[in-house]
Number of protein chains: 2
Amino acid sequence: MATNNPTRLDPVTTADKVYEQLLHDIVDGTIASGTKISEPELAKRFEISRSTLREALNRLEKCHLVERKANVGSRVVECSIEGLIELYITREALEGMACRQAAANMTDAEIESMQQMLATHARSQALKDGISYYQEEGDVDFHYKIILGSHNQQLINIICGQLYHLVRMYRIQFGMKSARASRAFQEHSQIVQAIADRDGELAELLMRRHIAASRKNIENKIAQKLEQ
Amino acid sequence: MATNNPTRLDPVTTADKVYEQLLHDIVDGTIASGTKISEPELAKRFEISRSTLREALNRLEKCHLVERKANVGSRVVECSIEGLIELYITREALEGMACRQAAANMTDAEIESMQQMLATHARSQALKDGISYYQEEGDVDFHYKIILGSHNQQLINIICGQLYHLVRMYRIQFGMKSARASRAFQEHSQIVQAIADRDGELAELLMRRHIAASRKNIENKIAQKLEQ
DNA sequence: GTCGTATATATTGTCGACAATGTTTGTTTT
DNA sequence: AAAACAAACATTGTCGACAATATATACGAC
């Protein structure tokens, strides 16, 4: 399945490449959450100068994946349950509004494309039910398309450019495998229908519920894990 | 009036100082919107090296005040009516949610402090009615307090750390002098009441209307200016 | 005279070294 | 032995120079 990721523009400079590598490593936990980052060490590992490493770190800071204190250094952001909840609440606000705007601003062609995508998901889901990875990819693609459909550059930048990296990080590190695939698919369908009807108010409401449900699902899972 | 600005932490490094100076100059238009930034020239002007200037530029990029293209350079962000609308729509989503969270998470002391603030505004407004500068400052302080009251670090970072610089830039450059002072004050009071009642849903609704009204007010003003 | 190409210029990206600040270790004092 | 201070160390911040890329200028072909 093609992951239509709007954040990834071809890296031209070496700082770009290092940024992408570090982004990947942090998101999937190869570089553990909370780790102190040693500039000299990392620079040596990548065989680059500290200047270009710092350039890469600056971009990671932009998506809130590393935090820097003056004269002290950088750390990979710490993953916490509180942080996760805060993130999802922010998502609820932003993606809800993006969905409302999408209902107003998406072209008919874009809507058509979404409906086709859902049809594909339905088929692939019917075939390999339970295999959640594809559903995960599909879920991300679905949300990206709606955000882009808002045609609001501010929303697009904030959500795709910074928030989503953190979302993916939490998903992977907390081992969220989208346990509610069929339910989520149903919700996706309702949302697309609202957009097709150009009903922005309903579209926003449904998206907010969708994300809130996802958050509660994750909260429950974590609560279960803590009980074990 | 003390401007309780949560973004301004004491600058320790020279890059911090240059950042703050540039931030100020860009927001108030001393460095015009859309200007190409020449690194060698700016570095010479501030009598610093290009490295530390680039550090400052990176932070400006974080709040979407400058945009950089690889191997080409940086420009001050362009102010457009579309951009303004997109910004206010984003504000509506984020501050609306922040207000809902504030209703849930603000301490009684924080609420008390807001009520006192409003009382001060009421008095100062009654005295020097029409002098909108204080009202402007007061408005910013009001919104900051609510955002901080959400106790949601993600929302606080996005809104105070990046969005608000742009908001202030648009306000100044488009010459918005808050023509609806008394109306805005009334809306502020209603919002604080909803928060005091711990009615998150209403608080969010009112904040969204408040920002939407502000946006429409600005749009009208711009339309009038274009007619002249 | 205009378009295309090639050279020259300027700007950005990257590098290694030095200065300033934080942190650790070792010593001294109570 | 614990606390306080001092010195050695490591890390981050800043600098100036070089390399790679983009832009501007000059020249030549049609």
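Sequence lines set the chain letters: A, B, ... in the order given, protein chains first and strands last, and positions in each chain run from 1.
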Within a 6.0 Å radius of atom CD on B:Glu112, are there more than 12 heavy atoms belonging to other residues, nucleotides or ligands?
no
Where each residue is assigned the nucleotide of DNA chain C containing its nearest heavy atom, which of A:Asn71 and A:Glu47 is assigned the position nearer the 5′ end?
A:Glu47
Counting only side-chain nitrogens and oxygens, does B:Thr52 get under 4.0 Å of the OP1 or OP2 atom of D:dT14?
no
With B:Val66 as partner, the option from B:Thr35, B:Leu60, B:Leu22 fulfilling side chain to side chain contact (heavy atoms under 4.5 Å, CB included) is B:Leu60
Roughly, in whole Å, what's the span from CZ in A:Arg54 to C1' in D:dT11?
10 Å
Mind calculating the distance between CD1 (A:Ile48) and P (D:dA19) to the nearest angstrom?
19 Å
Classify the ring geometry of A:His210 against A:Phe142: parallel below 30°, tilted from 30° to 60°, perpendicular beyond 60°.
perpendicular
Between A:Ala203 and A:Ile195, what is the shortest heavy-atom contact and its length?
CB-CG1, 4.2 Å
Tell me: NZ of B:Lys36 to P of C:dA10, nearest whole Å?
14 Å
Tell me whether the side-chain N/O atoms of B:Thr13 come closer than 4.0 Å to OP1 or OP2 in D:dT12.
no
Would you kindly give the CD-to-C1' distance between A:Glu39 and C:dA17, to the nearest whole Å?
15 Å
Is there a side-chain contact between B:Ile147 and B:Glu95 in this structure, where contact means two heavy atoms from C-beta onward sitting under 4.5 Å apart?
yes
B:Leu53 CG - D:dG13 C1' separation (whole Å)
15 Å
Spacing of A:Glu55 atom CD relative to D:dG13 atom C1', expressed in whole Å:
15 Å
Between D:dG16 atom P and B:Arg50 atom CZ, what is the distance in whole Å?
12 Å
If you look at every strand shown and take non-hydrogen atoms under 4.0 Å, does B:Ile37 touch a base, only sugar-phosphate, or nothing?
sugar-phosphate
Nearest-Å distance, NZ (B:Lys69) to P (D:dA20)?
24 Å
Could you check, using the six-membered ring where one of them is a Trp, whether A:His64 and A:His165 have ring centers closer than 6.0 angstrom?
no
Using a cut-off of 4.0 Å on non-hydrogen atoms, how would the nucleic acid contact of B:Ser51 be classed: base, sugar-phosphate, or nothing?
base
Just to confirm, is there a sub-4.0 Å distance from OP1 or OP2 of C:dA10 to any side-chain nitrogen or oxygen of B:Ser38?
no
Comparing nearest nucleotides in DNA chain C, the 5'-proximal residue of the pair A:Val72, B:Ala70 is B:Ala70
List the steps, then state whether salt bridge (Lys or Arg N to Asp or Glu O under 4.0 Å) holds for B:Glu92 with B:Arg208.
CA-CA 5 Å; B:Glu92 198 178 315; B:Arg208 283 181 65 152; 3.6 Å; yes
To the nearest 10 degrees, the angle between the two end axes of the helix from C:dG1-D:dC30 to C:dT30-D:dA1 (five pairs per end) comes to 10°
